[in-house]
Amino acid sequence: MEKNFDINENGFSIRCKLYYGKDLHDLHNIVIATYGFGGNKDNKAISKFAERLISKYKGYGIICFDWPCHGKDARNKLILDECMTYLDLVTAYAKEEFHADTIFNYSSSFGAYVTLRYLNTYQKNPFHKIAFRCPAIKMYDAINAGVTEDEHDKLAKGKEIIRGFDRKIKLTQDFFDDLRDHDVSKEDFLDYADSILMIHGTRDEMAPIEVSREFSENNVIELIPVENADHPFSNPTYMDFAIQKIISFFGSDE
């Protein structure tokens, strides 16, 4: 089952999508699922993950939401602090409105970066377990790699450049400066290590696995490499493998 709803808090209106089984009032466990830059809450990979998780375990719901400036979100300037605010508000909503006993986090690419930055900035971990697929740990490097010299000139002059797929996202120099100044790969996540699982493809050109290897070693986090998988895990076999590993990780307490 699926349900769209909005969270209206602190002047924000967060567009959300909930996946659940037969009973909307029997969601003891909620997974907050986030995606990569330029995506939206109707993410196919998350939909597939939700279908598999719900079919295996009862009492689970999955919430996906539109990041600021993504999907149907009303904001028009991407600010990373607001991304973390969205994550915090959705997490709080899952606890308060659905009365979930346990909150999980499943994030990929840009969503993984925001989650790591959230943990470091807020100095709290509301998630029982966290699974990262193809995390863009060095998000600045990942997005800056595609910026041309002409675009850098525009940014330096206070102008915006456009990125995105279905929806075009305006980026400013402030956005890039913020990413550069908050390199989560340099932060310490040892306190959260036991609750984190990372899965990364060996042929990821956008977020190289070498970064995840170093990060996981420095923080004693389990990393599962997937041979020949690219950044989006476009091969269904590799995606099925990743989903199976994450579901097993989340359900290991069942």
Side-chain angles (χ1 to χ4, degrees), residues 1-36 39-43 45-68 70-75 80-133 135 192 195-197 243 246-254:
M1 305 283 286
E2 300 176 9
K3 177 183 178 181
N4 291 312
F5 65 95
D6 296 344
I7 299 174
N8 298 300
E9 290 276 347
N10 303 336
F12 298 108
S13 183
I14 308 174
R15 318 296 186 186
C16 302
K17 186 171 190 175
L18 171 70
Y19 298 90
Y20 63 100
K22 296 180 180 180
D23 190 354
L24 182 60
H25 304 289
D26 184 33
L27 303 180
H28 303 294
N29 306 286
I30 296 285
V31 179
I32 309 299
T34 77
Y35 47 84
N40 60 66
K41 67 180 183 298
D42 297 313
N43 183 277
I46 291 175
S47 177
K48 188 174 185 179
F49 165 80
E51 179 183 349
R52 299 280 178 82
L53 179 63
I54 291 168
S55 66
K56 186 172 180 63
Y57 297 117
K58 294 181 179 180
Y60 274 79
I62 299 88
I63 297 177
C64 188
F65 60 94
D66 285 331
W67 289 121
H70 288 63
K72 296 182 179 179
D73 184 75
R75 309 191 82 73
L80 289 161
D81 280 349
E82 292 184 350
C83 292
M84 291 188 288
T85 297
Y86 274 34
L87 179 58
D88 195 50
L89 290 173
V90 173
T91 302
Y93 188 94
K95 290 180 178 179
E96 296 165 8
E97 298 298 324
F98 291 107
H99 307 293
D101 299 321
T102 309
I103 308 293
F104 298 83
N105 180 296
Y106 164 40
S107 294
S108 61
S109 196
F110 174 68
Y113 168 80
V114 175
T115 299
L116 285 168
R117 184 163 163 180
Y118 171 92
L119 295 175
N120 184 63
T121 301
Y122 284 55
Q123 288 296 300
K124 67 176 182 179
N125 181 14
F127 309 114
H128 179 57
K129 291 182 179 179
I130 300 169
F132 294 139
R133 181 175 57 80
Y192 312 122
S195 63
I196 299 177
L197 173 68
I243 289 174
I246 294 168
I247 289 177
S248 295
F249 179 60
F250 284 172
S252 60
D253 297 334
E254 295 289 329

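In what follows, residues are counted from 1 in the order of the sequence shown. Only a predicted model underlies this, so the values are computations on that prediction, with no experimental measurement involved.
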Legend entry - For the student: nearest non-hydrogen atoms of Val90 and Cys16, plus distance: CG2-SG, 4.3 Å

Inset, instruction - For residues Asn125 and Ser195, report the shortest heavy-atom separation together with the two atoms involved. - result: ND2-OG, 3.6 Å

Inset, instruction - Measure the CD1-CG distance between Ile14 and Leu89 for me, rounded to the nearest 0.5 Å. - result: 4.5 Å

Inset, instruction - Identify whether the distance between the nearest side-chain nitrogen and carboxylate oxygen of Asp66 and Lys41 falls below 4.0 Å. - result: yes

Legend entry - Nearest heavy atoms of Arg117 and Asp81, plus distance in Å: NH2-OD1, 3.8 Å

Legend entry - Contact summary for Tyr60 and Ile54, nearest pair of heavy atoms: O-CG1, 4.0 Å

Inset, instruction - Find out whether Pro126 and Ile103 are in side-chain contact, i.e. whether some heavy atom of one side chain is under 4.5 Å from a heavy atom of the other. - result: no

Legend entry - Side-chain heavy-atom pair Met84, Val114 within 4.5 angstrom cut-off: yes

Inset, instruction - Working to the nearest 0.5 Å, report the span between CZ of Phe132 and CG of Leu197. - result: 10.0 Å

Inset, instruction - Would you please classify the geometry between the Phe110 ring and the Trp67 ring as parallel, tilted or perpendicular, with 30° and 60° separating the classes? - result: perpendicular

Legend entry - N-O pairing of Lys72 and Asp42 below 4.0 Å: no

Legend entry - Point-to-point distance, once rounded to the nearest 0.5 Å, from CZ of Arg15 to CD1 of Ile7: 11.5 Å

Legend entry - Flag if over 12 foreign heavy atoms under 6.0 Å of NZ, Lys48: yes

Legend entry - Note, Tyr106 side chain near Ile62 side chain (heavy atom, < 4.5 Å): no

Inset, instruction - Might you work through the side-chain contact (heavy atoms from CB on, under 4.5 Å) test for Leu18 and Leu24, ending with a clear yes or no? - result: CA-CA 10 Å; Leu18 171 70; Leu24 182 60; 3.3 Å; yes

Legend entry - Worked check of side chain to side chain donor-acceptor pair (under 3.5 Å) between Asp73 and Tyr86: CA-CA 11 Å; Asp73 184 75; Tyr86 274 34; 2.7 Å; yes

Inset, instruction - Working to the nearest 0.5 Å, report the span between CG of Asn105 and CD1 of Ile30. - result: 13.0 Å

Legend entry - Straight-line distance of His70 NE2 to Cys83 SG, nearest 0.5 Å: 7.0 Å

Legend entry - Over all atoms of both residues, closest heavy-atom pair of Ile46 and Cys64: CD1-SG, 3.6 Å

Legend entry - Derivation of the side-chain contact (heavy atoms from CB on, under 4.5 Å) call for Glu51 and Ile243: CA-CA 10 Å; Glu51 179 183 349; Ile243 289 174; over 6 Å; no

Legend entry - side-chain contact (heavy atoms from CB on, under 4.5 Å) evaluation trace for Ile63 with Phe5: CA-CA 10 Å; Ile63 297 177; Phe5 65 95; 4.3 Å; yes

Inset, instruction - Measure the shortest side-chain to side-chain distance between Tyr19 and Val31 over non-hydrogen atoms and say whether it is less than 4.5 angstrom. - result: no

Legend entry - Nearest-0.5 Å distance that lies between atom CD1 in Ile196 and atom CZ in Phe249: 8.0 Å

Inset, instruction - Spell out, as yes or no, whether a donor-acceptor pair under 3.5 Å connects the side chain of Asn10 to the backbone of Phe12. - result: no

Legend entry - Non-hydrogen atoms of Ile32 and Phe127 that approach each other most closely: CG1-CE2, 4.3 Å

Legend entry - Pair Tyr20 and Phe98, ring centroids less than 6.0 Å apart: no

Inset, instruction - Check whether any side-chain heavy atom of Tyr93 lies under 4.5 Å from a side-chain heavy atom of Glu9, and answer yes or no. - result: no

Legend entry - Test item: Tyr192 side-chain N/O and Lys129 main-chain N/O as donor-acceptor pair under 3.5 Å: no

